[in-house]
Amino acid sequence: MKPLVPFLRRRRDTPKSAAQQRAGSSEDLSSLDPDFEPDRKPIERKVLRGVLGWMRPYRNAYILTTVVGTMVNLLEMITPRYMQQLVDTDIPGKHPNIFTSFIINMISRVNVGAAGTLAHLGRRELAYWNITSTIGAWALTMTVALLLQRFGIYYTTLIGQKVILTLRRAVFAHLQELSMSFYDKTRFGRILTRGTSDIDSMSNFIVWGINTAFSNLTMMLIAATIIMLMDWRIGLAVLWLGPVLYLMNNFYRRKVGVAWRMTREGYTRVSTNLAENISGMRVVTAFNRQNQNLDVFNDLQTTNTANNMRAAYINGIYQPLLGVVGFLGKVIILLFGAWLVFHTADGPANQRFKVGELVALYVYWDWFMGPVINFGNFYNDTMMAMACAERVQNLLAEKPQVTDVPDALVLPEIRGAVRFEHVTFGYDPAKPVLHDVHFDAQAGQTIALVGQTGCGKSTVISLICRFYQPQQGRILIDGYDLRKIQGESLHRQTGIVSQNNFLFTGTVMENIRYTRPDATDQQVYDAARQLDCYDILSRLKDGFQTDVGERGGALSLGQRQLVCFCRAFLANPRILILDEATSAIDTQTELLIQNALERLVENRTTFIVAHRLSTIIGAHQVLVLDQGRIVEHGNHQSLLERNGQYARLYYEFTHGHDIKPHLAP
């Protein structure tokens, strides 16, 4: 154990990271890290109640397996009595034991002569009969115990895994319901840890926790009771160690609870950092950040290792102390028991302390200490499980900021008229990014949003999709207030293609069909033909059955964007949103699909956010945003004639380029 202490001391003396030095304390880190969790928050009873709540639907099954486990323990705890009988009765062979007597009695009902012969066996022969019958009864007892144990292991694992499955489903379903604001503030690695390793770390407790706790407690009480009943003198000599164990356990519980929570938090930070680096590997490589990122990861991993070693250090003190207490009890039983054997040998037969009793008491002390040691290991698992359960419960307690009101209306089939009425919005309400935005988009119009980066274009799009709710003002679609309709009925009639052209693992066909799982292959082909990209997708390695790889990595950037176009158009939305949708398509490909885009936006309200003027100059309306405000409003030609901010942007973008305008009719 000695090498661990200097290591831990060095970790405590290690200089703080730059973030910690700027913040000054762990409490201040919450201002730098929005999903920071304090290291030393104690485990609360409500966490345990929450875990038991997950298990409650299977309470009858847990009761059954607990009863079966108790029966197994009771059968196994007969073992010392068999040993006592072998030593005190069977091996001496002075008279038949209870099992031999039972056999003689059963034989006498069939053959009296044979029974008489058995009743008058010699001492050695009788000893063999006694030993054989006792071992036979012992084997029968253990066979029943093993069969019950097999059933208990299978059924306990089955119901525990059902709880884990239900919990995973609940976490995933809850993640689907949370608002975009949650994903804005929470790191991907932290979310991933909640749904995977945190639940995995609870599995041991959920599967075996109740059975282990009840069985071990029952075993301890039965063993203590048997020791007192067999010889109260031995019982008083060793059971005073019980309060010592209780005090040790209380001290250990307080220390290890904090240690395991710090360990889980450290693991989450390592996982989060690893996930971010893998996701951004292209950026890491492009900017040659491998060494710097490795330093950050190593620092996190070193802290995580120190946290694990701290927990191991505490456990490494507690477990040997349990062994010392157990050994001390054995010494007391052997010394005091041997003294009783010697000093009662010449006394009355009913007051003699026999060697078999000493052996049985020695084994029962092991039965008493075994659960205590098991509780130490079990408490480690419990503390880790509770630390993880607290984090999962915090996730499940997250409330979506955008929800349907109780009497929300189902949005009927819409024409697509969109109206912003003096909308003000900020991701942080204290820092608005949109100020008093007001405009009308008639059904079937194409609306272009232009402006410098960060002016609020994508925020307008997010509000139309009801990813967020405005702090002030209203957003109406066909006269329906978005706050008062069911979000699902809105999303069924909107489609979006963003600059983040995300594809799911699967084939091109499966990704296009994502918005309409019931669409036929022919409908998918027709959508691709309408976009004039059927030939491009057909020339892929396996055509429409080409595997796109993780996040579409097997396709080029332009190919991924075309798949996203097809996916959106197959859904046939009434409101179509193109958020930098052509940013990943080269000029030749853009010209190829330009006519198709113009056909598909007909009789469909379309909002376009783009950096290419060729995609917006044909819009019915152009909204020019600057610092969250609409500063100009009109079509392309009228805004050029106004010679304002849009005109300046236009001439900046077209300087040196020949762009043919496509004005809205």
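Here the structure is a predicted model, which is why all the values come from computation and not from measurement.
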Does [X] use its side chain to pair, donor to acceptor, with the backbone of [Y] at less than 3.5 Å?
X	Y	result
Ser201	Ala385	no
Gln445	Gln442	yes
Asn304	Leu300	no
His174	Ala170	no
Gln627	Cys455	no
Thr606	Thr446	no
Arg629	Asp436	no
Gln493	Ile414	yes
Arg168	Gly195	yes
Asn635	Ser638	yes

Exercise. Does the side chain to side chain contact (heavy atoms under 4.5 Å, CB included) test come out yes or no for Tyr58 and Ile206, once each step is laid out?
Worked result: CA-CA 11 Å; Tyr58 302 93; Ile206 289 175; over 6 Å; no
Problem set entry | Listed partners of Leu175 passing side chain to side chain contact (heavy atoms under 4.5 Å, CB included), at least two apart | Val171, Leu178, Phe182, Tyr183, Ile191, Leu395
Minimum heavy-atom distance [X]-[Y], with the two atoms named:
X	Y	result
Gly416	Asp478	N-OD1, 3.2 Å
His620	Gly444	CE1-O, 4.1 Å
Arg567	Leu503	NH1-CD2, 4.0 Å
Gln559	Leu540	NE2-CD2, 3.3 Å
Ser179	Gln401	OG-N, 2.8 Å
Ala568	Ile496	CB-O, 4.2 Å

For this session: Please test Trp54 against Gln393 for side chain to side chain contact (heavy atoms under 4.5 Å, CB included), starting from the C-alpha separation and ending with a verdict.
Result: CA-CA 11 Å; Trp54 296 332; Gln393 288 172 14; 3.6 Å; yes
Going by heavy atoms in the side chains, are [X] and [Y] under 4.5 Å from each other?
X	Y	value
Gln545	Met509	yes
Ser181	Tyr468	yes
Gln637	Glu641	yes
Leu537	Cys566	yes
Val418	Phe420	yes

Assess whether atom [atom1] of [X] is packed by more than 12 heavy atoms of other residues, nucleotides or ligands within 6.0 Å.
X	atom1	result
Gln452	CD	no
Gln523	CD	yes
Phe502	CZ	yes
Tyr480	OH	no
Glu488	CD	no

For residues [X] and [Y], is any side-chain donor paired with an opposing acceptor at under 3.5 Å?
X	Y	result
Ser197	Asp200	no
Asp547	Thr507	no
Gln621	His633	yes
Arg516	Asn572	no
Thr459	Tyr427	yes
Gln522	Asp526	yes

Exercise. Given Val460 and Val423, is the side chain to side chain contact (heavy atoms under 4.5 Å, CB included) satisfied, shown in steps?
Worked result: CA-CA 10 Å; Val460 171; Val423 170; over 6 Å; no
For this session: List for me each residue that meets side-chain hydrogen bond (donor to acceptor under 3.5 Å, both in side chains) alongside Arg483, sequence neighbours excluded, and say none if there are none.
Result: none
Exercise. So how far is it from Arg419 CZ to Asp481 CG, rounded to the nearest 0.5 Å?
Worked result: 12.0 Å
For this session: Could you tell me whether Phe544 and Tyr534 have their ring centroids closer than 6.0 angstrom?
Result: yes
For this session: May I ask you to check whether Phe425 and His435 place their ring centers less than 6.0 Å from one another?
Result: no
Exercise. Is Asp404 salt-bridged to Arg466, cutoff N-O under 4.0 Å?
Worked result: yes
Problem set entry | Test side chain to side chain contact (heavy atoms under 4.5 Å, CB included) applied to Val296 and Leu294, step by step | CA-CA 5 Å; Val296 173; Leu294 182 60; over 6 Å; no
